[in-house]
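Some notes on the structure that comes next.
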Amino acid sequence: MAYSFSEIEAKWQSYWLQNEVYKTGESTDKPKFYVLDMFPYPSGAGLHIGHPEGYTATDIISRFKRMKGFNVLHPMGFDAFGLPTERYSMTTGIHPIDATKANVDNFKRQLNLLGFSYDWSREINTTEPNYYKWTQWMFLMIYNSWYDDHAAKSRPISELQIPENLKSQKEIDDYIDSKRLAFIDMIPVNWCEALGTVLANEEVDEWKGKGYTVEKKPMRQWMLRITTYAERLLNDLDLVEWPNSTRDMQMNWIGRSEGAEIEFKAETNDTITVFTTRPDTVFGATYLVLAPEHSLVSKVTTDEQKSKIQEYIDVSVLKSDIERQDLTKKKTGVFTGGYAINPASGERIEIWIADYVLAQYGTGAIMAVPGHDERDHEFAVQMKLPIKMVVKPKDSDDWDIMTSAFTEKNGFSVNSENSEVKLSGLPTTEAISTIITWLESKNIGKGKIQYKLRDWLFSRQRYWGEPIPIMFFEDGSKRALENDELPLILPDVEHFKPAGTGESPLANVEKWVNFIDKKTGKKAKFETNTMPQWAGSCWYYLRYIDPHNDDIFCDSDKERYWMSPSGVDLYVGGAEHAVLHLLYARFWHKVLYDYGYVSTPEPFKKLFHQGLILGEDGEKMSKSRGNVVNPDDIVKEYGADSLRLYEMFLGPLEAVKPWQTNNITGVFNFLNRAWRMIATDEGTLSPKVLNAGLSPEQDYVLNYTIKKVADDIENLSFNTAIAQMMIFVNEFTKVEVKPLDAMKKFVLCLSPFAPHIAEELWQILGHSQSVVFEEFPVYDDAKIVRNEIEFVVQVGGKIRARIQVNVDLPQDQLEALALGDAAVQKHIDGKEIRKIIFVKNKLINFIV
RNA sequence: GCUCGGAUGGCGGAACCGGUAGACGCACAGGACUUAAAAUCCUGUGGGCAUUAGCCCGUGAGGGUUCAAGUCCCUCUCCGAGUACCA
């Protein structure tokens with residue numbers, strides 16, 4: 001008969017709730033531990049089997065740390081703004097607020113069903129005005145900031161020095177706006193007609209995959225100047241304990257490269273600035289290429305080339321990023337008819353446009369060095385442009401530059417000199433610094449560090465997001481709301497369809513959009529764009545610390561207690577957020593840090609990604625495949641404790657692993673065996689549990705289990721911790737008498753993993769207080785030292801005997817014992833022993 | 001293409017700093033209990049040859065270092081994730 005998990009789980013869940021067992025203490029005299037889950041988007045589908053994986057891991061840690069005497073902060077909330085809800089509302093007419101509430105209720109029901117120890121009094125929801133008030137407040141903090149390069153930090157915009165030559169208010173305002181960390185720009189964005197909204201690059205594939213069409217269209221957008229933080233975002237990765245892969249991804253995303261900007265004079269007298277990482281190859285620059293969107297294209301284009309150029313631009317704009325970046329296709333481009341002068345060689349070179357040059361990176365223009373860049377080489381061959389060799393390989397002279405580009409950075413410059421500077425003969429690194437010095441002395445270029453990271457497109461043409469708290473006046477000026485005017489509440493609307501003009505549904509809410517500003521008395525119009533879903537998740541970990549504070553987003557004393565010395569102690573979530581969420585949150589955190597609102601430069605000290613759980617067929621779970629496992633069903637059949645245990649027993653937390661419902665019987669049986677070891681079918685203490693001493697073997701297993709479970713929890717190796725507890729149960733199932741003390745310690749070890757059954761067993765063992773408040777057992781070092789071990793004897797590296805010996809036996813005695821073994825003698829067989837390898841307490845190896 | 005992971009029995013997975021490969025679980029087989037079954041408990045279970053207590057092979061493939069390699073080095077194959085003309 002299986003133990004009655006349904007009754008037990010319901011009983012303890014309501015006990016925990018009624019007694020507020022998981023309320024986080026406010027006292028600061030205990031050491032703290034902040035363990036955070038990535039909060040979910042409450043979708044209509046409810047929890048899937050992947051959610052409880054990370055959540056169980058953090059729950060085990062939380063429970064363990066509490067038992068180890070820490071004050072644990074383990075909160076949960078909901079990242080509830082988002083497009084799926086808005087689309088649901090569009091089709092059903094159900095208000096996003098109502099849809100969100102229903103989904104959140106369902107999520108909470110499911111989370112509680114699994115026995116997670118969240119402190120629900122700290123629950124947050126990004127869509128509630130008293131939360132997004134502070135999201136808006138932070139947006140305004142960013143808006144009212146400029147980045148001081150000298151101080152290398154953000155400062156209030158009021159401290160910005162206004163150049164004296166600026167006279168009119170408009171000029172001054174424009175100057176200030178050009179420095180703000182939040183600003184408006186016209187930029188080409190991914191416009192989806194059907195959704196009536198702009199999509200982020202990372203969303204394009206997702207929606208295209210669902211059959212939507214996405215095109216490029218320049219629109220007025222809010223941007224955040226995250227690029228000012230590129231260097232710090234890169235360097236501070238050294239401060240965190242993150243998976244290497246995630247750090248690498250962020251480093252690649254930020255994409256720092258060193259090089260130089262070089263100015264080329266066009267014959268029209270326009271200056272075309274290019275960025276290159278190989279300024280040493282400037283003598284080999286045989287043509288220039290501008291991106292089709294480059295502002296100088298029309299100026300350098302000659303009359304007879306005009307129509308061809310225009311045609312090319314028109315085609316480029318219609319192409320999606322994906323199409324433009326399709327590497328398999330041939331490169332395309334058109335000659336503008338214009339020429340420029342290579343500032344190093346003095347040669348007259350052609351100016352082309354081509355869409356293999358990206359407008360958004362560097363200066364949107366390149367000097368093409370076909371001899372030493374594969375892309376330029378391909379283009380030059382195709383367009384029959386000149387190819388010049390200016391770097392030769394270290395050890396050979398016979399590189400055929402017409403066949404392929406030589407791109408290694410370990411060569412020597414050749415054919416690179418003019419009357420003022422000579423690179424020929426220099427190794428590449430020296431050539432680079434030499435040419436930069438020359439360019440700088442001539443004032444036609446300079447060393448430059450370039451980043452791939454772009455500014456953050458921060459506005460969405462959607463209803464279901466935080467309103468941007470900025471108003472515009474008829475004269476074109478604008479005003480940000482002040483703190484006493486926050487939150488700017490999202491108005492109620494009846495229809496969630498976009499305005500169709502590219503504006504959000506808010507544009508249709510006449511009364512809300514157009515109003516008389518009370519502070520200035522002027523006619524004003526609210527911004528109709530809302531913030532992206534990333535906004536609310538940029539700082540939620542801080543709100544948990546002080547969720548009900550109306551004066552500030554988080555009290556600074558509380559912040560210091562929970563975040564010092566290096567941020568959230570453990571952050572667990574999916575690797576899909578490795579770049580964007582984590583980069584955006586780090587950015588906001590650093591702005592807050594610059595103003596002293598937070599005490600650490602980085603928000604998340606240790607990060608961990610749980611691996612995906614696949615369906616039984618080894619494929620990603622999806623409705624269409626029909627391989628989705630619903631946690632509710634598993635709980636019904638085996639109980640929450642078994643589900644928790646099984647998800648942890650499946651394999652290493654970080655690994656991608658297939659679900660096998662069959663295998664859950666393993667952990668289910670284990671819990672039943674544990675139950676029978678301590679309790680009767682009727683739920684009373686088993687008569688076999690007695691005050692009794694432990695045999696040395698039992699003592700060993702008990703103490704080793706305590707040690708192993710504690711160590712493994714710290715390392716997030718839950719699968720091996722569970723295996724060890726199984727060994728414990730196997731050991732004590734064998735014997736007739738179950739020593740009471742061992743049973744108690746075992747239940748304490750089990751409790752972080754399977755809290756419901758542990759509570760029940762703990763009560764059966766005679767306790768009236770919840771197991772949550774108990775201390776984690778301590779093991780006895782002396783008991784986990786074996787006094788007899790199995791010792792391996794090898795001859796010529798092959799195992800020939802295993803002998804039982806006392807621990808720490810010295811080499812000479814073991815040699816004698818080993819040589820006395822018949823099997824060993826047989827293999828030595830009178831041969832000469834040339835060498836003896838001895839590893840204490842492990843093995844001895846006779847080389848013959 | 002580039003970057004980062006990974007590959008261990010029929011299956012999920014263990015294995016510290018190079019030192020007994022396959023812990024633990026599933027599945028399977030046998031036994032005990034039972035009129036019988038289920039449940040439970042016990043035993044066995046990488047492959048091959050012997051079938052006694054013996055030997056050989058074995059951690060994706062091939063090479064190397066070492067007394068000793070799943071673990072370190074080189075080359076390759078396959079799988080997964082990220083990224084994509086970033087000059």
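A, B, ... follow the sequence lines: proteins, then strands. Residue 1 opens every chain. Worth saying up front: this structure is predicted, and the values here are computed from it rather than measured. Note that these values count all heavy atoms, side chains included, but never hydrogens, waters or copies made by symmetry.
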Answer with base, sugar-phosphate or nothing: what part of the nucleic acid does A/Arg834 contact at a heavy-atom distance below 4.0 Å?
-> nothing

The single option from A/Arg800, A/Gln794, A/Lys798 that satisfies side chain to side chain donor-acceptor pair (under 3.5 Å) with A/His827 is A/Arg800

Scoring nucleotides 64-71 of chain B by protein non-hydrogen atoms under 4.0 Å (B base, S sugar-phosphate only, - none) yields ---B----

Atom CG of A/Asn787 with >12 non-hydrogen neighbours under 6.0 angstrom = no

Can you check whether A/Phe379 and A/Trp352 have ring centres sitting under 6.0 Å from each other?
-> yes

Using the salt bridge (charged side-chain N to carboxylate O under 4.0 Å, His left out) rule, collect all pairs that involve residues 709-726 of chain A, keeping only residues at least two apart or in two chains.
-> A/Lys65-A/Glu714, A/Lys707-A/Asp711, A/Lys708-A/Asp712

For RNA chain B, which residues in residues 708-727 of chain A have a heavy atom at a distance below 4.0 Å?
-> A/Asn719, A/Thr720, A/Ala723, A/Met726, A/Ile727

Examine B/rC41: is either OP1 or OP2 under 4.0 Å from a nitrogen or oxygen in the side chain of A/Arg676? Give yes or no.
-> yes

For B/rC17, does the glycosidic angle fall within 90° of 0 (syn) or outside that (anti)?
-> syn

Under-4.0 Å side-chain N/O to phosphate OP1/OP2 contact, A/Tyr356 with B/rA87 = no

Is the shortest side-chain N/O distance from A/Arg673 to OP1 or OP2 of B/rC41 below 4.0 Å?
-> yes

Could you check whether A/Asn669 gets within reach of a base, just the sugar-phosphate, or nothing at all, counting any heavy atom under 4.0 Å?
-> sugar-phosphate

Should A/Asn730 be listed as having a side-chain N or O under 4.0 Å from OP1 or OP2 of B/rC42?
-> no

State whether the side chain of A/Lys842 and the backbone N or O of A/Phe838 hold a donor-acceptor pair below 3.5 Å, judged by distance alone.
-> no

Describe the nucleic acid contact of A/Glu790 in one word from base, sugar-phosphate, nothing, applying a heavy-atom distance below 4.0 Å.
-> base

Which letters describe nucleotides 51-59 of chain B, given B = protein heavy atom under 4.0 Å from base, S = only from sugar-phosphate, - = neither?
-> ---SSSS--

Please work out if A/Pro652 contacts a base, only the sugar-phosphate, or nothing of the nucleic acid, heavy-atom cut-off 4.0 Å.
-> sugar-phosphate

Which nucleotide in B/rA84, B/rU20, B/rG19 has an atom nearest any side-chain atom of A/Trp253 | B/rA84

Please tabulate, one pair per line, all N/O donor-acceptor pairs under 3.5 Å involving side-chain atoms of residues 271-282 of chain A, not counting sequence neighbours.
residue  : atom : partner  : partner atom : Å
A/Thr271 : OG1  : A/Lys265 : NZ           : 2.9
A/Thr276 : OG1  : A/Arg278 : N            : 2.9
A/Arg278 : NE   : A/Asp280 : OD1          : 3.0
A/Arg278 : NH2  : A/Asp280 : OD2          : 3.0
A/Thr281 : OG1  : A/Arg278 : O            : 2.7

Within the pair A/Ser257 and B/rA87, is there a side-chain N or O less than 4.0 Å away from OP1 or OP2?
-> yes

Hey, is CD on A/Glu374 packed in by over 12 heavy atoms from elsewhere, all under 6.0 Å?
-> no

For B/rG12, does the O4'-C1'-N9-C4 (purine) or O4'-C1'-N1-C2 (pyrimidine) torsion place it in syn, i.e. within 90° of 0, or in anti?
-> anti

Base-pair string, RNA chain B, Watson-Crick plus G-U, cut-off 3.5 Å on both distances, | for inter-strand, is (((((((..(((......[....))).(((((.......))))).((((....))))..(((((..]....))))))))))))....

Among the nucleotides B/rC26, B/rC16, B/rA87, which one has an atom lying closest to any side-chain atom of A/Lys842?
-> B/rC16

Can the positive tip of A/Arg247 be found less than 6.0 Å from the middle of the six-membered ring of A/Trp253, inside 45° of the ring normal?
-> no

